[in-house]
Amino acid sequence: MKRNIIAGFAAILLLASCNKDEKILNSLSDYNNSMEGKGYHFGDKLALPKEVTENAESITISFGDKETSDLTIDPKFFTLGDNAVTFNIKSKGGEILNQDATINVFAKSPEKNLSYQIVAEYPHDPKNFVQGFQIEGNTIYESDGQNGSSQILKYTLGTTTPLASTKQAQEDFSEGSTIVGDKVYQLTWQSKKGYVYDKNSLKLLSEFSYPNVLGEGWGLTYDGKNLIASDGSKLLYFLDAKDPSKLVKHIAVAGSSQAYDQLNELEYHNGFIYANVWQKPVVLKINPANGEVVGKFDFTEIAKQNTKGSDDVLNGIAFKGENMLITGKNWSKIYEVAVK
């Protein structure tokens with residue numbers, strides 16, 4: 001009889017402990033869900049519910065190979081955008097509780113809506129499925145995609161006749177490109193390699209493999225020191241220009257209320273990265289130091305005149321002095337716009 005009474009008390013205590021642990025996790029879940037849309041900024045402190053803090057002996061947050069007991073949104077641990085984390089709680093009852101969550105981190109300052117005015121229009125070959133686009137002097141260097149018709153070419157702005165061109169192999173789908181000194185670098189979409197050409201002749205000089213973290217090749221630009229590549233995610237990858245197989249660092253991109261992915265064609269100009277958002281008539285102005293979107297161009301009106309389906313979208317950014325050139329896949333025009 002005595003054993004039954006002891007067993008009964010133990011069962012009651014276990015049930016009470018389980019109920020308390022469940023309340024801790026439910027309270028944490030409610031908090032995380034409420035904050036996922038609102039998000040955090042760097043420097044914010046996680047204000048976890050009392051149900052969690054008063055019943056926890058310790059709380060840590062782990063993500064990837066990192067773990068911290070500091071409940072502050074620190075850029076040493078978190079990136080802009082979504083961070084998949086796990087809360088690890090040791091309760092005062094000695095139980096180890098774990099809960100997965102998403103911590104969204106946004107830029108502190110709202111991105112500015114940037115205005116522009118069309119000042120000139122130039123012809124563009126509508127057969128060209130633009131993936132990479134830049135200008136040097138009055139010469140356009142363009143990378144065009146599609147399996148079987150991918151190429152790198154150059155032509156004088158105002159004409160559509162190539163001055164030089166090089167075709168890619170049938171299996172390659174060419175992507176972003178950029179100029180580095182006397183060379184042109186070009187990415188491929190899923191071939192996991194890029195090409196290097198002589199800028200004058202566009203003769204193929206060499207090829208390079210991607211760092212493992214770069215899932216696909218999308219956009220490419222050069223900041224005077226490193227290549228900067230995108231792969232369709234929220235990340236921009238800085239690669240060693242002398243050895244593009246080496247990753248220097250990466251940054252995540254977000255505005256004040258949302259993370260941005262599908263980052264495609266890239267251009268670096270006057271200390272900022274400009275990125276087209278794939279299948280949207282939007283170009284972002286990004287601070288390369290931290291990934292914050294500081295401005296946004298809306299080219300809806302221009303895109304409406306040139307986009308008839310799902311493929312012929314805006315996808316081309318270059319700077320002619322302080323004016324921006326934009327075009328798109330299979331567009332018949334290049335637009336020069338003055339940034340206001």
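The figures here come from the full heavy-atom set of this structure, side chains too, leaving out hydrogens, waters and symmetry mates.
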Subject >> Atom NZ of Lys38 with >12 non-hydrogen neighbours under 6.0 angstrom >> reply: no

Subject >> Residues which pass side chain to side chain donor-acceptor pair (under 3.5 Å) with Gln279, listed by chain and number, not counting sequence neighbours >> reply: none

Original post:
Given Leu204 and Tyr195, is the side chain to side chain contact (heavy atoms under 4.5 Å, CB included) satisfied, shown in steps?
Top reply: CA-CA 7 Å; Leu204 180 63; Tyr195 296 114; 3.7 Å; yes

**OP:** Say whether Glu322 and Asn270, considering side chains only, have a donor N or O and an acceptor N or O under 3.5 Å apart.
**Re:** yes

Subject >> Basic-acidic side-chain contact under 4.0 Å: Lys90, Glu57 >> reply: yes

Original post:
For Asn104, what residues pass the side chain to side chain contact (heavy atoms under 4.5 Å, CB included) criterion, not counting sequence neighbours?
Top reply: Glu36, Asp82, Thr102, Phe106

**OP:** State which residues pass side chain to side chain donor-acceptor pair (under 3.5 Å) with Asn83; sequence neighbours excluded, sorted by chain then number.
**Re:** Thr79

Subject >> Donor-acceptor side-chain pairing of Ser150 and Asp172 below 3.5 angstrom >> reply: no

Subject >> Test ring-ring contact (aromatic ring centres under 6.0 Å, His included) applied to Phe78 - qualifying residues, sequence neighbours left out >> reply: Phe63

**OP:** Report yes or no: do Ser230 and Asn264 form a side-chain donor-acceptor pair below 3.5 Å?
**Re:** no

**OP:** Classify the side-chain pair Trp189/Glu175 by whether it contains a donor and acceptor separated by less than 3.5 Å.
**Re:** no

Original post:
Any salt bridge (Lys or Arg N to Asp or Glu O under 4.0 Å) pairs touching residues 134-147, not counting sequence neighbours?
Top reply: Glu136-Lys199

Original post:
Is the CG atom of Asn212 crowded by more than 12 outside heavy atoms at less than 6.0 Å?
Top reply: no

Original post:
Which one of Leu284, Leu314, Asp261, Val253 satisfies the side-chain contact (heavy atoms from CB on, under 4.5 Å) criterion with Val277?
Top reply: Leu284

**OP:** Enumerate the residue pairs fulfilling salt bridge (Lys or Arg N to Asp or Glu O under 4.0 Å) with a member in residues 274-298, sequence neighbours excluded, ordered by first and then second residue.
**Re:** none

**OP:** For the residue pair Ser143 and Gln186, confirm or rule out a side-chain donor-acceptor distance under 3.5 Å.
**Re:** yes

**OP:** For residues Gly43 and Thr72, report the shortest heavy-atom separation together with the two atoms involved.
**Re:** O-CG2, 3.8 Å

Original post:
Got a second to check how far Leu236's CG is from Ile273's CD1, nearest 0.5 Å?
Top reply: 5.0 Å

Original post:
Can Thr139 and Tyr155 be said to form a side chain to side chain contact (heavy atoms under 4.5 Å, CB included), step by step?
Top reply: CA-CA 6 Å; Thr139 302; Tyr155 53 91; over 6 Å; no

Original post:
For Tyr260, what residues pass the ring-ring contact (aromatic ring centres under 6.0 Å, His included) criterion, not counting sequence neighbours?
Top reply: none

Subject >> Test side-chain hydrogen bond (donor to acceptor under 3.5 Å, both in side chains) applied to Ser256 and Glu111, step by step >> reply: CA-CA 7 Å; Ser256 60; Glu111 48 270 53; 3.1 Å; yes

Original post:
What do the steps show when you test Gln131 against Ser174 for side-chain hydrogen bond (donor to acceptor under 3.5 Å, both in side chains), and what is the final call?
Top reply: CA-CA 7 Å; Gln131 300 291 86; Ser174 293; over 6 Å; no

Original post:
Do Ile24 and Ile89 pass the side chain to side chain contact (heavy atoms under 4.5 Å, CB included) test, and can you show the C-alpha distance, the side-chain angles, and the key distance before you say yes or no?
Top reply: CA-CA 9 Å; Ile24 292 172; Ile89 300 171; 4.1 Å; yes

Subject >> Partner residues of Tyr116 under the ring-ring contact (aromatic ring centres under 6.0 Å, His included) criterion, sequence neighbours left out >> reply: Phe299

**OP:** Provide the closest heavy-atom pair for Asn290 versus Leu80 in the form atom of the first, atom of the second, distance.
**Re:** O-CD1, 3.1 Å

**OP:** Looking only at non-hydrogen atoms, find the nearest pair between Gly176 and Leu220 and report the distance.
**Re:** C-CB, 3.9 Å

Original post:
Can you name the closest pair of heavy atoms from Ala164 and Leu202 and give their distance?
Top reply: O-CD1, 3.4 Å

Original post:
Can you check side chain to side chain contact (heavy atoms under 4.5 Å, CB included) on Ile61 and Leu46, steps first, answer last?
Top reply: CA-CA 11 Å; Ile61 302 174; Leu46 274 69; 3.9 Å; yes

**OP:** Indicate whether the side chain of Ser177 and that of Gln134 have a donor and an acceptor atom separated by less than 3.5 Å.
**Re:** yes

**OP:** Give a yes-or-no answer on whether the side chains of Asn26 and Ser29 include a donor-acceptor pair shorter than 3.5 Å.
**Re:** no

**OP:** Would you please indicate if the ring centroids of Tyr274 and Tyr268 are separated by under 6.0 Å?
**Re:** no

Original post:
Does the side chain of Thr60 pick up a donor-acceptor pair with the side chain of Glu67 at under 3.5 Å?
Top reply: yes

Subject >> Interatomic spacing from CD1 in Ile96 to CG in Asn98 - rounded to 0.5 Å >> reply: 7.5 Å

**OP:** Tell me, yes or no, whether the heavy-atom count around Lys66 atom NZ, taken from other residues, nucleotides or ligands under 6.0 Å, exceeds 12.
**Re:** yes

**OP:** Using the test side chain to side chain donor-acceptor pair (under 3.5 Å), find all partners of Trp278 that sit at least two apart in sequence or belong to another chain.
**Re:** none

Original post:
Taking the inter-plane angle between the rings of His250 and Tyr237 on a 0 to 90° scale, is it parallel (under 30°), tilted (30 to 60°) or perpendicular (over 60°)?
Top reply: tilted

Original post:
Which side chain to side chain donor-acceptor pair (under 3.5 Å) pairs, counting each pair once, include a residue from residues 239-248, with sequence neighbours left out?
Top reply: Ser209-Ser245

Original post:
What residue pairs, at least two apart or across chains, pass salt bridge (Lys or Arg N to Asp or Glu O under 4.0 Å) with a residue in residues 323-334?
Top reply: Glu121-Lys333

Original post:
Which distance, rounded to the nearest 0.5 Å, do you find between the CD1 of Ile135 and the CE of Met324?
Top reply: 13.5 Å

Subject >> Asn306 side chain to Tyr335 side chain, donor-acceptor N/O pair below 3.5 angstrom >> reply: yes

Subject >> Any donor-acceptor N or O pair under 3.5 Å, side chains Ser233, Asp231 >> reply: yes

Subject >> Pair Gln99, Thr86: side-chain N/O donor-acceptor within cut-off below 3.5 Å >> reply: no

Subject >> Derivation of the side-chain hydrogen bond (donor to acceptor under 3.5 Å, both in side chains) call for Ser62 and Asn88 >> reply: CA-CA 7 Å; Ser62 59; Asn88 311 295; 3.2 Å; yes

**OP:** Hey, could you give me the OG/CD distance between Ser165 and Gln151, rounded to the nearest 0.5 Å?
**Re:** 5.5 Å

Original post:
Could you state the interatomic distance from NZ (Lys127) to CG (Asn330), rounded to the nearest 0.5 Å?
Top reply: 10.0 Å

**OP:** State which residues pass side chain to side chain contact (heavy atoms under 4.5 Å, CB included) with Ala241; sequence neighbours excluded, sorted by chain then number.
**Re:** Tyr222, Leu227

